[in-house]
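Below is one structure; the comments refer to it alone.
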Amino acid sequence: MLDIQLLRTDLEHITHKLASRNYPFPVEQFNQLEHERKIVQTRTQELQAKRNAASKSIGVAKSKGQDVSEILAEVANLGDALKLSESKLEQIQSELQAMLLEVPNLPHDSVPEGSGEEDNQEIRRWGVIPAFDFEVRDHVSIGEGLNMLDFETAAKLSGARFSLMKNNLARLHRALAQFMLDTHVQEHGYIETYAPYLVNQSSLQGTGQLPKFEEDLFIVSAGSSKKNPLELHDHFYLIPTAEVPITNIVRDEIIPLKALPLKFVAHTPCFRSEAGSYGRDTRGLIRQHQFDKVELVHIVHPDQSYVALEELVGNAEKILQKLRLPYRVVALCTGDMGFSAAKTYDIEVWLPAQNTYREISSCSNCEAFQARRMQARFRNENGKPVLLHTLNGSGLAVGRTLVAVLENFQNADGSVSIPEVLQPYMNGLDRLLTAGGK
RNA sequence: GGAGAGAUGGCCGAGUGGUCGAAGGCGCUCCCCUGCUAAGGGAGUAUAGGCGCAAAACGCUUAUCGAGGGUUCGAAUCCCUCUCUCUCCGCCA
C-alpha cells in the first residue's frame, strides 16, 4: 500500500510513476473522495468533541448533585446528526482504503522502463551452456524414460497440472530442498522456519495477494461446511508462496532495532490456481498447481533494503553455482514487475530442451509497501516506530531446479548424472538409472 | 465436540457507568545526590489520524483497553456476535 500522504501531496508524480507500470490511477475519483473526506471528517470530529464536552459536564454536574436536564436537552439532537456523519465518514474511508489496496507499489528509480518481458535488462550471466553430442530430450521425456515421473497417474489422482514422482527422482527432489535449506542456514545465516500452509485473509492482504488476486488462490474450508467457502467466516487460503506466512511473522509487530535484520528461510509447498495461464507451459513440471519452493525473506532497516536485495539474489545464485547450472540475472522492467515489488531481479536457469533461460527465482524489494499493509514496524534510533522494509526471493523453486538438473545433466543413454553437491543427500548415488516396476 | 476461565500501555497489573489514555510496579530516558560502587530523590515515557501553521517544534481535536456491533448524554466497565489463549472432558496424527 502506498502512503496516502504521498498521494495527497505529490499526486501528479505518483500517477506518472504508476502509469509506467501500466496502472491507471483513478485521479478524479481519488480527489473527489479526498475532498468529501476532509469535509465529513472535520464535521464528524466537531460533533464528537461537542458530545464529549457535554457528557463530561453532565458527569461533573451530577457528582455535585446539580440538575442536568438542561444539558441533556442541549445534546438531545446531537445523536442523530453524529451517527449520520460517522457512518458517512466510515463509508468514505473504506472506499479510499479499497482504492489504495488495489494500487501497486512504485518502481524504484533504478528500474528500467518498459511494458513487458522484452524490456527486461540482463545484468549478468554465469556458467557454461552445455554442449550435447546427441539429441537433447526435455525433462518429461527423461523422467518418464527413467520410469520415475508419471503425469498420467497424477491426473487420475487429482487432475491436470499435478505430478507424481517416484523412486530416486522423488528422492532427488527432496535432496534439492534439503541442500538449499542447509546452504542458506549454514552458509548464509538464515533462520530456518516451519510455517502454516493455510493462512487467513489478513495475511494475504498483508503481502498483497488480496484483495486483487483472489482468483489465483485456492480456498479451503472445513468439510462440514455446506455453504460457499467465501461466505463463511472460517475459511483459509492455501499459500501461493511461503512469502505469505513468513513475511507476516512481523505483521502488527514492533521489532527492536538490534534484532534487525531478520533473515528467514522456509521450505514449503506452494499452491496456485494458475487461472489465466491456460495453454501456457502445459507440459511437464514448469507450471503446476502444487510445487515446492525454498523461500528467503529479509526484514530490514529501510536504509539497508537495497544492499539486502543484492545479498538475497547472491544467496539464490549460490545454489545454482553449487549445482553448476548456467543462469542469468535479469532486472525486471516497470511493466513486468509484480504488484508489491519496488524492484525485482529474476534469476533464469538454462534449459537445454527449450534452448532458453527460464525463471527459477524472483527476488524483490517491496520497501515499505507490505510493511504498511501489515503495520510491521521497528523502533528506530530515537525510539519511534517506523515501517520496516521487506524482501523476498526464491532460493529456489525446487521443481524447476529439478527440471534444470534433469535437462542439463542428461546423458546419451537416458540416465542423468547427479550434481556432486547432491550426492551426499542421495546416499552417494551419482546417477539416475531407469527403474523397473510400475 | 462439551464445560469453564481469561484478553488492559514495551512488560506486569489495578480498574463493574462520568473529571480514565487509564492507578501502582518494572523497564527505559533525563536531572539531582553520592569520592567510586550500591542505594536514594525528582521529572518524563503509547499509537494512528484530522485540522491549523510556510514549517520542525507547537496548538486544537478524534479514535484506540482482543475484534465487530448494540444500550446510554456518557462504556475498559453493561448486552450480543466473533477471534485468540488457558484448564478439564471427549476425539485424534
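Values in this document were obtained by computation on a predicted structure and should not be read as measured data. By convention in this document, chain letters (A, B, ...) are assigned in the order of the sequence lines, proteins followed by strands, and residues within each chain are numbered from 1.
Under 4.0 Å is where a charged nitrogen must lie from a carboxylate oxygen, and between A:R161 and A:E274 no such pair does.
Proximity of a side-chain donor or acceptor of A:R272 to a complementary backbone N or O of A:F218 within less than 3.5 Å is not detected.
Using Watson-Crick or G-U wobble geometry with both donor-acceptor distances under 3.5 Å, B:C58 finds its partner in B:G52. Pair assignment for B:G74 gives none, since no Watson-Crick or G-U wobble pairing has each distance under 3.5 Å. Using N1 to N3 plus N6-O4 or O6-N4 for Watson-Crick, or N1-O2 and O6-N3 for G-U wobble, each under 3.5 Å, B:G27 pairs with B:U45. The partner of B:C33 cannot be assigned: no Watson-Crick or G-U wobble pair with both contacts below 3.5 Å exists in any strand. Shown here, B:A39 forms no base pair; nothing in the strands shown gives a Watson-Crick or G-U wobble contact with both key distances under 3.5 Å. Pair check for B:G17 finds none; no Watson-Crick or G-U wobble contact set falls under 3.5 Å. Both distances falling under 3.5 Å, in either a Watson-Crick or a G-U wobble arrangement, place B:U83 opposite B:A7. In this structure, B:G90 makes no Watson-Crick or G-U wobble pair, since no nucleotide meets both defining distances under 3.5 angstrom.
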Run the salt bridge (charged side-chain N to carboxylate O under 4.0 Å, His left out) check on A:E34 and A:R37 step by step: do they pass? CA-CA 5 Å; A:E34 258 296 286; A:R37 192 221 93 230; 2.7 Å; yes
Decide salt bridge (charged side-chain N to carboxylate O under 4.0 Å, His left out) for A:R358 and A:D281; before the verdict, give the C-alpha distance in whole Å, the side-chain angles of both, and the deciding distance to 0.1 Å. CA-CA 11 Å; A:R358 286 300 303 260; A:D281 303 313; 3.2 Å; yes
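Between the side chains of A:K322 and A:T183, no donor-acceptor pair of N or O atoms lies under 3.5 Å. In this model, no donor atom of one side chain and acceptor atom of the other lie less than 3.5 Å apart for A:S141 and A:D138. With 3.5 Å as the limit, one finds a donor-acceptor pair spanning the side chains of A:Y425 and A:D182.
To the nearest angstrom, C1' of B:A63 lies 13 Å from CG of A:L82. Spacing between atom CD of A:E70 and atom P of B:C73 amounts to 17 Å, rounded to whole angstrom units. What separates CD of A:E86 from C1' of B:A63 is a distance of 10 Å, to the nearest Å. Rounded to an integer number of Å, the gap from A:Q375 CD to B:A46 C1' is 14 Å. In this structure, A:R379 atom CZ and B:G9 atom P are separated by 13 Å, rounded to whole Å. Rounding to whole angstrom units, CD of residue A:E90 and C1' of B:G49 are separated by 15 Å. Atom CD1 in A:I255 sits about 13 Å away from atom C1' in B:G10, given to the nearest Å.
A sub-4.0 Å separation between OP1 or OP2 of B:U71 and a side-chain N or O of A:K83 is present. Contact check, A:R377 against B:A48: a side-chain N or O comes under 4.0 Å of OP1 or OP2. Dashed line: the shortest gap from a side-chain N or O of A:K384 to OP1 or OP2 of B:U47 is under 4.0 Å.
With B:G21, B:C73, B:A48 as the candidates, the nucleotide lying closest to the side chain of A:V75 is B:C73.
You won't find any donor-acceptor pair under 3.5 Å spanning the side chain of A:K56 and the base of B:G18, going by distance alone.
Nearest-nucleotide mapping onto RNA chain B: of A:Q93 and A:I58, the residue sitting toward the 5' end is A:Q93.
Around the CD atom of A:E28, the shell of radius 6.0 Å holds no more than 12 heavy atoms that belong to other residues, nucleotides or ligands.
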Counting primed atoms plus P, OP1 and OP2 as sugar-phosphate and everything else as base, spell out the protein contacts along nucleotides 50-62 of chain B at 4.0 Å heavy-atom distance: B, S or - for each nucleotide, 5' to 3'. BS---------SS
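When all heavy atoms of A:Q370 and A:T207 are compared, the pair lying nearest together is NE2-O, 3.0 Å.
Using atom C1' as the reference point in both B:G44 and B:G10, the two lie 16 Å apart (nearest Å).
Contacts of A:S63 with the nucleic acid, taken as non-hydrogen atoms under 4.0 Å apart, include base atoms. Contact annotation for A:P385: backbone-only contact, meaning every heavy-atom pair under 4.0 Å involves sugar-phosphate atoms and none involves a base.
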